[in-house]
Amino acid sequence: MPQASKNTPLKARDYKSDYKPVWCPGCGDFAVLSAITKALAFQELPREDVALITGIGCSSRIAAYTSVYGFHGVHGRALALAGGLKAARPDLTVLVAGGDGDGLSIGGNHFIHACRRNMDMTYIIMDNEVYGMTKGQASPTTDPDWERSKLTPGGTGIRPFNPAAMALTSGASFIARGFTGDPNGLAKILVEAIEHPGFSFVQALSPCKTFRPEQMEWKKHIRAFGDEPTDDASLAAERVYADDGMSTGIIYRRSFPVYQPAGSGDAGPERFDREFAI
Ligand code: SF4
Ligand code: MG
């Protein structure tokens with residue numbers, strides 16, 4: 001890993017580790033890695049002041065590919081781990097990342113409560129509408145008529161979640177959507193998400209070239225929302241429901257009290273000495 005001097009600003013590449021990603025060539029997750037590292041470099045955040053917590057899945061491998069502190073957790077529990085870390089170390093910039101299966105299926109309950117709890121962290125769902133690591137099963141964002149999975153011949157027949165709508169109705173204070181075909185645009189969104197005080201949710205449309213090759217056509221349909229972010233939840237809901245899921249940008253941003261539990265930051269050895277004193 002490159003050693004940066006205190007006087008030399010870190011570049012995006014300095015936030016990458018020496019591990020070579022094992023993602024398939026063409027996977028959208030490469031661009032999320034690029035966007036995260038660009039955002040951290042733009043904000044000149046010291047690597048030791050940042051932690052990236054992930055769940056399980058192709059996209060959750062991303063923690064190992066950065067040079068900030070990381071924790072590759074268990075399936076669906078990244079937000080629980082991140083909440084504990086933020087409670088203990090409120091001084092850290094906490095990023096959380098994972099896939100649509102990890103975050104909206106087994107981790108769905110953590111997601112809705114993290115939205116309403118509003119701890120100061122940024123959650124990126126790398127959404128490819130499929131379970132990639134387990135070789136192509138339908139996820140909570142898969143369209144009902146997607147037929148290529150042997151587990152659900154003829155499609156699931158179940159309407160998918162709308163992640164932005166879930167975040168809105170669960171009380172998230174920052175909601176945005178980016179696209180991996182535009183890593184610079186995604187990096188700009190991440191900068192704003194990280195700077196936002198409270199829980200920031202970013203849905204990153206990230207094609208799975210291997211199991212959803214048709215998603216390579218997404219770039220033809222992506223467009224900007226075209227409206228300034230609103231702090232009006234009703235207006236945000238109108239925009240989210242009128243959209244086909246292919247519009248990108250910051251949808252909603254509002255100031256709510258940031259939750260930080262009592263005793264936060266008091267996680268040093270002295271506390272354990274105190275609590276467990278006989
Ligand atoms: Fe990316 Fe899909 Fe390959 Fe997983 S299976 S690394 S999501 S292209
Ligand atoms: Mg997925």
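Whatever order the structure lists them in is the order used to number ligands and atoms, beginning at 1. Please read these numbers as outputs of a predicted model, since none were measured by experiment.
Because the distance cut-off is set at 2.8 Å, V130 qualifies as a neighbour of the Mg ion (ligand 2) through one of its N, O or S atoms. The Mg ion (ligand 2) lies under 2.8 Å from an N, O or S atom belonging to N128. Residue C27: no N/O/S atom is found under 2.8 Å from atom 3 (Fe) of ligand 1.
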- Task: Kindly indicate, with the supporting measurements, whether the criterion ring-ring contact (aromatic ring centres under 6.0 Å, His included) is fulfilled by W23 and Y65.
- Result: CA-CA 11 Å; W23 294 318; Y65 305 143; 5.0 Å; yes
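S60 places a side-chain N or O within donor-acceptor distance of the main-chain N or O of G55, the cut-off being under 3.5 Å. Without hydrogens or angle criteria, K86 side chain to P90 main chain gives a donor-acceptor distance under 3.5 Å. At distances below 3.5 Å, at least one donor-acceptor pair connects side-chain atoms of S206 with backbone N or O atoms of D29. Side-chain atoms of D232 come within 3.5 Å of backbone N or O of L235 as a donor-acceptor pair. When atom types are taken as modelled, the side chain of Q215 and the backbone of N128 share a donor-acceptor pair closer than 3.5 angstrom.
Residue W23 has at least one heavy-atom neighbour below 4.0 Å for each of these atoms of ligand 1: 6 (S). Of all atoms in ligand 1, listed by their number and element, those nearer than 4.0 Å to a heavy atom of N128 are 7 (S). Against a heavy-atom cut-off of under 4.0 Å, C24 is close to the following atoms of ligand 1: 3 (Fe), 5 (S), 6 (S), 8 (S). Close approach to T210 involves these atoms of ligand 1, each under 4.0 Å from a residue heavy atom: 3 (Fe), 8 (S). Close contacts of ligand 1 with F211, meaning ligand atoms under 4.0 Å from a residue heavy atom, involve 5 (S).
Ligand 1 is approached by K209 to a heavy-atom distance shorter than 4.0 Å.
For D100, the N/O/S atom at the shortest distance from the Mg ion (ligand 2) is named OD1.
For the side chain to side chain contact (heavy atoms under 4.5 Å, CB included) test with L40, the passing option among L95, L190, T66 is L95; the others fail.
The protein atom (non-hydrogen) at minimum distance from atom 4 (Fe) of ligand 1 is C58 SG, 2.4 Å. Closest to atom 2 (Fe) of ligand 1 among all protein heavy atoms lies C208 SG, 2.3 Å.
Defined by atom type and a distance below 3.5 Å, a donor-acceptor pair is present between the side-chain atoms of S173 and H196.
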